Peer 1: 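Got a structure for you, written out below as structure tokens; questions coming shortly.
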Amino acid sequence: MTKQHKYPFGKIEKKWQKIWEKTGLFEAEDFSSKPKQYILIEFPYPSGDGLHVGHARSYTALDIISRKKRMEGYNVLYPIGWDAFGLPTENYAIKKGIHPAKVTERNIKIFKQQLKSLGLSFDWSREVNTTDPKYYKWTQWIFLQFFKAGLAYQAEMPINWCPSCKIGLANEEVIQGKCERCGAETEKRQIKQWMLRITKYADRLIEDLNHVDYPDKIKTQQINWIGRSEGTNLKFQIQSASWRTKFQISVFTTRVDTIFGVTAVVLAPEHSLISNIKYQISNWNEVEDYIKKAKVKSDLERAMLSEAPTLARGEIGGPTASRVGQKTGVELKGIKIANPLNNQEVSLWVGDYVVATYGGGSVMVVPAHDQRDFDFAQKYNLPIIEVIKSVSNHRGAERGPNGELLEAFEEKGVLINSGDFTGLNSEEAIKKITNWLAERKIGGLQINYKLRDWIFSRQHYWGEPIPIIHCPKCGVVAVPENDLPVELPYVKKYQPTGTGESPLAQCEDWLKVKCPKCGGPGRRETDTMPNWAGSSWYYLRYTDPRNKHCFADFKKLEYWLAPARQSPKGVGGVDIYNGGMEHTTLHLLYSRFWHKFLYDQGLVPFDDPYTRRHSHCMVLGESGEKMSKSRGNVVNPDEIVEKYGADVLRIYEMFMGPFDQPVIWSAKAIEGMNRFIIRIYNFYKNHKFHNEADIDKEVKTKTHQLIKKITEDLDGFKFNTAMAAFMEYFNFVEDEAEKFDLENAKTFLALIAPFMPHLAEELWQSLRSTANYESNTNILITKRKKIKIRSIFEEKWPAYD
RNA sequence: GCCGCUGUGGUGAAGUUGGUAAACACGCAGCACUCAAAAUGCUGUGGGUGCGACCCCUUGUCGGUUCGACUCCGACCAGCGGCACCA
């Protein structure tokens with residue numbers, strides 16, 4: 001019977017964490033001659049809930065990659081910092097009466113201690129914090145570059161307003177049309193906001209996805225979000241029997257080939273033209289009433305109304321009218337407009353199904369060839385004119401007994417009833433009609449995007465102040481760069497004001513400032529930035545976190561963001577970036593935008609920030625539901641570390657399931673990983689390793705198969721199967737213990753080291769007496785004695801034959 | 001509605017240039033150790049009949065290609081995620 005050692009994980013783990021830190025083993029070196037590798041996790045928001053096992057999972061995965069890369073001879077940068085501005089902290093501060101800065105400081109302290117207990121090989125010397133004035137000075141500075149380039153501007157924008165809290169809410173704070181805090185239904189309010197012109201980069205944000213290595217899922221999500229669509233814009237002249245104006249209505253369509261089928265034009269309720277022509281509208285009262293109601297309608301209501309009406313089932317092959325919902329509208333009576341192609345008179349309407357911020361907020365209605373238009377026409381008895389015929393082998397639209405359409409025919413085909421254009425196919429017709437319009441200067445090619453400019457203002461306290469001064473004489477003036485940072489004043493009242501303004505508006509001393517241009521009395525901008533600001537460029541700061549003269553030295557950026565050897569098409573950037581899918585159309589898109597802007601300004605050397613993106617998934621509670629305090633199913637990583645040690649937590653989180661799929665926590669399954677680690681520990685403590693390599697071919701073969709498996713699995717982020725391979729191998733080792741020699745024992749430790757760093761380092765060092773060490777590179781000086789350490793992480797990653 | 005993903009034992013899951021389905025782990029059952037329990041070790045464990053070798057069935061459903069399909073093709077069903085009146 002072999003002796004059962006107690007596995008003193010607490011002692012071992014603390015010991016090595018301390019030694020690694022003191023020797024600076026994981027600190028990255030600028031301009032090292034080794035090839036660089038920049039590995040990044042999305043820096044955490046230090047919430048009051050503390051670290052989640054989900055954080056631990058993704059950070060461990062990238063830690064494994066980082067440690068392996070170091071063993072492969074790379075100069076690895078694996079940094080950490082804090083994304084600490086934002087609402088959860090502000091809300092907590094208001095609730096508990098503790099200043100957000102204090103809350104943040106405390107939370108960071110807790111997070112830091114938790115992260116350190118996991119044995120993650122972060123380079124702590126490069127720690128950044130978005131709420132540190134030394135950091136947000138540069139967030140503000142970058143904002144000013146946007147401002148100077150004309151990409152930051154102010155505009156009246158509808159925001160979400162909570163009538164109960166009397167506060168403006170960000171979209172993230174509105175859950176299904178209701179206020180996140182009090183549950184009241186939100187309304188829209190027009191407020192002057194700072195905007196960033198992300199739409200200017202829409203094409204490049206799509207185009208450049210071709211050069212980066214992101215999962216297709218992320219690429220398509222970004223492409224769909226940006227929503228590029230090519231079409232034609234054209235103008236309808238307003239006319240009526242008694243009166244003619246210079247007003248025109250611009251509409252956007254992707255199907256200008258159906259132009260001869262237009263029977264109405266519908267404007268969004270917010271369309272500015274309506275009030276301009278109100279004296280010509282004979283039913284103005286009715287129209288005004290409709291517009292008012294539409295404005296009060298919350299997003300929730302609009303969404304509800306657009307839900308498909310439930311149809312009686314069983315009508316197989318019947319018209320699929322369930323695609324569209326109820327549409328309402330009011331005709332602007334007394335106004336007639338003309339189809340520019342044939343001067344046919346059509347009616348003008350207002351309807352809240354028309355999106356105000358897209359395509360000019362107006363739509364031409366072609367009932368025969370668009371299902372939404374068909375529904376609208378049916379409801380209000382608009383004429384339906386067919387102008388597209390399906391080509392022979394296509395099935396046409398469903399028809400009633402008299403040949404009337406029962407649904408729209410949306411496919412392309414051949415034009416009929418279309419004047420000179422009759423007989424053309426849709427593709428040709430689109431080109432020719434667009435040209436025809438362009439020649440007469442009443443239309444032309446147009447590209448539209450679903451992407452809107454980024455609303456960059458928040459009326460909250462806990463964010464970076466926008467570095468702008470309002471002067472009655474000079475208007476909007478940038479804070480001079482020498483005066484940065486504009487520090488967030490330490491105020492007592494950071495509660496919302498109730499007026500819709502930021503709490504900073506109450507801060508009289510801070511507000512009053514001389515205009516930098518004329519020296520007259522000015523007033524500071526009181527809006528702060530959204531919490532996406534600081535995270536849009538933090539990966540740049542890690543390359544040079546203490547720089548006082550610029551956000552990062554260009555040479556350092558060049559070194560750390562250089563195209564790595566395996567990077568596709570020589571694109572530079574962070575080599576591996578891991579994060580959540582939920583940031584695909586927010587953080588990930590925002591930071592790509594900022595980076596491209598900085599590239600255009602000549603401030604960064606490459607035009608996309610991340611070469612390769614990986615995404616993790618959620619760690620769910622035992623019930624398969626999301627972990628939450630209210631469900632009481634939250635697993636605290638501290639408890640796991642205390643009970644089993646960090647290495648057990650690490651390998652369990654890797655073994656749970658595929659890295660990019662959601663996984664369910666199991667308190668039972670973790671026991672298996674605990675057994676595995678104890679088995680390894682005991683085996684190495686008890687076994688007499690002989691030093692006769694190659695004595696057994698079978699073990700050697702298995703070892704090399706294992707090296708290959710682990711190396712390849714790590715390249716493919718397949719941590720779960722790597723873990724299975726370790727266990728399979730070790731089961732064999734235990735069965736054939738006498739054949740397991742020193743050489744193979746060392747190789748096994750090297751392979752498990754990235755996964756179980758503390759255990760591997762401990763066992764490695766205890767094998768030292770039998771191993772031949774060359775030079776010792778790190779010298780740790782303690783009070784008692786000098787310890788010469790050559791860490792297992794300075795060993796070479798095994799190569800397979 | 002559109003886009004994307006997923007579907008394999010009691011559970012988490014392996015396995016895809018098409019070649020012994022269920023590796024690895026959890027759980028469960030039996031045995032050993034123990035006065036007993038825990039821990040540990042050994043054995044078994046997809047389903048069905050059987051003491052047993054064996055035999056039959058099995059990767060959401062139906063069909064196709066193939067000597068051979070979890071894997072490829074088509075249709076459908078269910079679940080998850082994102083977008084959603086974008087003209």
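What you see is a predicted model, and the numbers here were worked out from it, not measured in a lab. Lettering follows sequence order; numbering is per chain, from 1.
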Peer 1: B:C85 base to A:Lys327 side chain: any donor-acceptor pair below 3.5 Å?
Peer 2: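 Pair found.
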
Peer 1: Considering only atom P, compute the distance from B:U71 to B:U6 and round it to an integer number of Å.
Peer 2: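 Going atom to atom, P in each nucleotide, I get 14 Å.
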
Peer 1: Select base, sugar-phosphate, or nothing to describe what A:Ser229 touches, counting heavy atoms under 4.0 Å on all strands.
Peer 2: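 Here A:Ser229 touches the backbone only, sparing every base.
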
Peer 1: Between A:Phe726 and A:Phe676, is the gap from one ring center to the other below 6.0 Å?
Peer 2: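 Distance test on ring centres: not under 6.0 Å, no.
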
Peer 1: Could you pick out which residue, A:Tyr449 or A:Ser666, lies toward the 5' side of RNA chain B when each is mapped onto its nearest nucleotide?
Peer 2: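 Per heavy-atom nearest nucleotide, the more 5' residue is A:Ser666.
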
Peer 1: In whole angstrom, give the distance that lies between atom OH of A:Tyr7 and atom P of B:A39.
Peer 2: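 Whole-Å distance recorded here is 20 Å.
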
Peer 1: Looking at every non-hydrogen atom in both residues, tell me the closest pair between A:Ser229 and A:Thr254 and how far apart they are.
Peer 2: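 Heavy atoms of A:Ser229 and A:Thr254 come nearest at OG-CG2, 3.7 Å.
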
Peer 1: Checking side-chain polar atoms at under 3.5 Å, does A:Glu42 have a donor or acceptor matched by the opposite partner on A:His583?
Peer 2: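 There is such a pair (donor and acceptor under 3.5 Å, judged by atom type) between the side chains of A:Glu42 and A:His583.
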
Peer 1: Do the charged groups of A:Lys708 and A:Glu712 touch, with an N to O distance under 4.0 Å?
Peer 2: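 Answer for the salt bridge query: yes.
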
Peer 1: Identify whether the glycosidic angle of B:G47 places it syn (within 90° of 0) or anti.
Peer 2: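 Base orientation: anti.
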
Peer 1: Give the rounded distance in Å between these two atoms: CD of A:Gln661 and C1' of B:G7.
Peer 2: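 Spelled out: CD on A:Gln661 to C1' on B:G7 is 11 Å.
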
Peer 1: For A:Arg675 and B:U40, is the shortest distance between a side-chain N/O and OP1 or OP2 below 4.0 Å?
Peer 2: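 True: A:Arg675 side-chain N/O within range (under 4.0 Å) of B:U40 OP1/OP2.
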
